[in-house]
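Input: a single structure, listed below in structure tokens.
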Amino acid sequence: WSNANWKGKIFSKRAKSADFLTQYGQNFNTVEVSSFHYSMPAKEQILKWKEKAMANPDFKFCPKFHQNISHKYQLKNCYDWVTLFYEHIVVFEETLGMPFLQMPPYFGPKQADVLKTFLEKLPKGLPIAVELRHPDWFGKESVLESLLELLTTYGVTLVMTDTAARRDVLPLRLTTSTAFIRFVANDMHVTDFQRIDVWVGKLKEWMEAGLQTIYFFVHSPDELHCPELIRYFIQQFNKETGLLIKEPTFIPQSKQGSLF
């Protein structure tokens, strides 16, 4: 929500940084909170974020697990950090969405037992999502099936990250009744829209089979055109499903006058 490039687009032209989250919440109903990955925000800061977003009663924050858990310790001997992370994210209360754990690309199937032990020891009652980026998790059906069984057993959602250049790490499989999709765009290239169309069809299919919740996050190199892509996704999704999900509201652009 801190992207100043959205001023004059979905943020008012005179918006200050302190206004961004409130105006973000007027256009969208969820956000990844990557700041948790790098440092643990003070609880007072979390309360301020919560207060600014509460104008939208459906708004959800999805904090990213701290890098000490995922990268430094790679899920081993990190439970003090897990406890600290959970103590902070519960401050979001009703605005807490789905926390997600993004593992480094070198964390592979040989560490499946580590992942299992970590999931066994997690606090119960708070569903999470896990993103795995090593291609060996997905290149062999038996390995993938074992992973899906593990995540299903512990009620963990598998993150699906759609990056055009990394289709080898995109498993179109559900492990819970929640879909968590991270869509990485290429600055409004025609293939961005084509891939979104595919997702709309897939999500509709899953909804008909019982899918209950969808998190769909859009990223791009500088995030400039994310609102346009989100608007396109919502328009197509509403068209195909008959839902009435609110689109972001764009600020009308003034046109330069002419003497002729």
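- The residues K48 and E51 are annotated as not salt-bridged, no charged nitrogen and carboxylate oxygen being separated by less than 4.0 angstrom.
- For I251 against G8, the heavy-atom pair with the smallest separation is CB-O, 3.8 Å.
- Within a 6.0 Å radius of CG in D222, other residues, nucleotides and ligands contribute more than 12 heavy atoms.
- M54 and I46 fall into different hydrophobic clusters, where Ile, Leu, Val, Met, Phe, Trp and Tyr are joined by side-chain heavy atoms under 4.5 Å apart, directly or via other members.
- With rounding to the nearest 0.5 angstrom, the CG atom of L203 is 9.5 Å from the OG1 atom of T241.
- With hydrogens and angles disregarded, a donor-acceptor distance shorter than 3.5 Å links the side chain of K124 to the backbone of L122.
- The shortest side-chain heavy-atom distance between C78 and F118 falls under the 4.5 Å cut-off.
- Counting heavy atoms from C-beta outward, H37 and H71 have side chains that approach closer than 4.5 Å.
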Side-chain polar contacts of residues 173-180 - donor-acceptor pairs under 3.5 angstrom, sequence neighbours left out - could you list them?
{"unit_1": "R173", "atom_1": "NH2", "unit_2": "E145", "atom_2": "OE2", "d": "2.5"}
{"unit_1": "T175", "atom_1": "OG1", "unit_2": "V156", "atom_2": "O", "d": "2.6"}
{"unit_1": "T175", "atom_1": "OG1", "unit_2": "L158", "atom_2": "N", "d": "3.1"}
{"unit_1": "T176", "atom_1": "OG1", "unit_2": "T157", "atom_2": "OG1", "d": "2.6"}
{"unit_1": "T176", "atom_1": "OG1", "unit_2": "T178", "atom_2": "N", "d": "3.1"}
{"unit_1": "T176", "atom_1": "OG1", "unit_2": "T178", "atom_2": "O", "d": "3.3"}

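- Tested against W1 for a ring-ring contact (aromatic ring centres under 6.0 Å, His included), the candidates F59, W49, W6 yield a single pass: W49.
- With rounding to the nearest 0.5 angstrom, the CG atom of L21 is 10.0 Å from the CD atom of Q23.
- Checked against side chain to side chain contact (heavy atoms under 4.5 Å, CB included), K43 has the following partners two or more places apart in sequence or in another chain: E87, H88, V91.
- Within 6.0 Å of CG in D80 there are 12 or fewer heavy atoms belonging to other residues, nucleotides or ligands.
- Hydrophobic clustering places W81 together with Y86 (ILVMFWY residues linked when any side-chain heavy atoms are closer than 4.5 Å, directly or through intermediates).
- In terms of the side chain to side chain contact (heavy atoms under 4.5 Å, CB included) criterion, residue partners of K116 (sequence neighbours excluded) are, by chain and number, E120, L150, Y154.
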L119 and T153: side chain to side chain contact (heavy atoms under 4.5 Å, CB included), yes or no, with the steps? CA-CA 10 Å; L119 296 180; T153 297; over 6 Å; no
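- Within the structure, side-chain hydrogen bond (donor to acceptor under 3.5 Å, both in side chains) pairs that include any residue of residues 56-70 comprise K64-Q102 (at least two apart or interchain).
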Worked verdict on I89 versus V33 for side chain to side chain contact (heavy atoms under 4.5 Å, CB included): CA-CA 10 Å; I89 65 174; V33 193; over 6 Å; no
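- Relative orientation of the F92 and F61 rings is parallel, given thresholds of 30° and 60° on the angle between their planes.
- Summarising the local packing, CG of L243 is surrounded by more than 12 heavy atoms from other residues, nucleotides or ligands at distances under 6.0 Å.
- Taking a 6.0 Å sphere around OH of Y38, one finds it holds 12 or fewer heavy atoms contributed by other residues, nucleotides or ligands.
- Here the straight-line distance linking atom CD1 of I214 with atom OG1 of T30 works out to 12.5 Å at 0.5 Å rounding.
- Among residue pairs with one or both ends in residues 18-30, none qualify as salt bridge (charged side-chain N to carboxylate O under 4.0 Å, His left out); sequence neighbours excluded.
- In the hydrophobic clustering of ILVMFWY residues, with side-chain heavy atoms under 4.5 Å counting as a link, F36 and V90 come out apart.
- Other residues, nucleotides and ligands contribute only 12 or fewer heavy atoms inside 6.0 Å of the NZ atom of K76.
- Pairs passing the salt bridge (charged side-chain N to carboxylate O under 4.0 Å, His left out) check and including a residue from residues 174-199, sequence neighbours excluded, read E32-R182, E131-R182, D162-R195, D192-R195.
- Side-chain atoms of P63 and L96, non-hydrogen and from C-beta on, do get closer than 4.5 Å to each other.
- Applying the side chain to side chain contact (heavy atoms under 4.5 Å, CB included) rule to N27 yields the partners I10, P248, T249; only residues at least two apart in sequence or on another chain are considered.
- Nearest heavy atom pair, residue R133 against residue P105, reads NH2-CD, 3.7 Å.
- Here the straight-line distance linking atom CG of L172 with atom CG of L170 works out to 4.5 Å at 0.5 Å rounding.
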Using side chain to side chain contact (heavy atoms under 4.5 Å, CB included), reason through M160 and W199 one step at a time and then give a plain yes or no. CA-CA 11 Å; M160 290 170 271; W199 274 113; 4.0 Å; yes
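- Looking at residues two or more places apart in sequence or on another chain, you find no salt bridge (Lys or Arg N to Asp or Glu O under 4.0 Å) involving E149.
- Across H134 and P109, no two heavy atoms sit closer than the pair ND1-CD, 4.3 Å.
- For Y215 against C62, the heavy-atom pair with the smallest separation is CE2-SG, 3.5 Å.
- Annotation: the span from F217 atom CZ to I230 atom CD1 amounts to 10.0 Å, rounded to 0.5 Å.
- With sequence neighbours excluded, the residues that form a side chain to side chain contact (heavy atoms under 4.5 Å, CB included) with K121 are Y79, T117.
- Between the K52 side chain and the F20 main chain, no donor and acceptor come within less than 3.5 Å of each other.
- The ring-ring contact (aromatic ring centres under 6.0 Å, His included) analysis of residues 222-244, with sequence neighbours excluded, yields the pairs F193-Y232, F216-F233, F233-F237.
- The salt bridge (charged side-chain N to carboxylate O under 4.0 Å, His left out) contacts involving residues 223-241 comprise K9-E228, K204-E240, where partners must be two or more places apart or lie in separate chains.
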Given the rule in the side chain to side chain contact (heavy atoms under 4.5 Å, CB included) test, do V114 and Q74 qualify, once you have shown the distances and angles that lead to the verdict? CA-CA 8 Å; V114 174; Q74 295 184 55; 5.9 Å; no
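- At a threshold of 4.5 Å between side-chain heavy atoms, the hydrophobic network of Ile, Leu, Val, Met, Phe, Trp and Tyr places V198 and F183 in two separate groups.
- Here CE of M40 is found 14.0 Å from CD of Q45. Values are rounded to the nearest 0.5 Å.
- Residues meeting the salt bridge (Lys or Arg N to Asp or Glu O under 4.0 Å) test with E94, sequence neighbours left out: K50.
- A centroid separation of less than 6.0 Å is found between the aromatic rings of Y24 and F28.
- Hydrophobic clustering of Ile, Leu, Val, Met, Phe, Trp and Tyr side chains at less than 4.5 Å, counting indirect connections, keeps V184 apart from L132.
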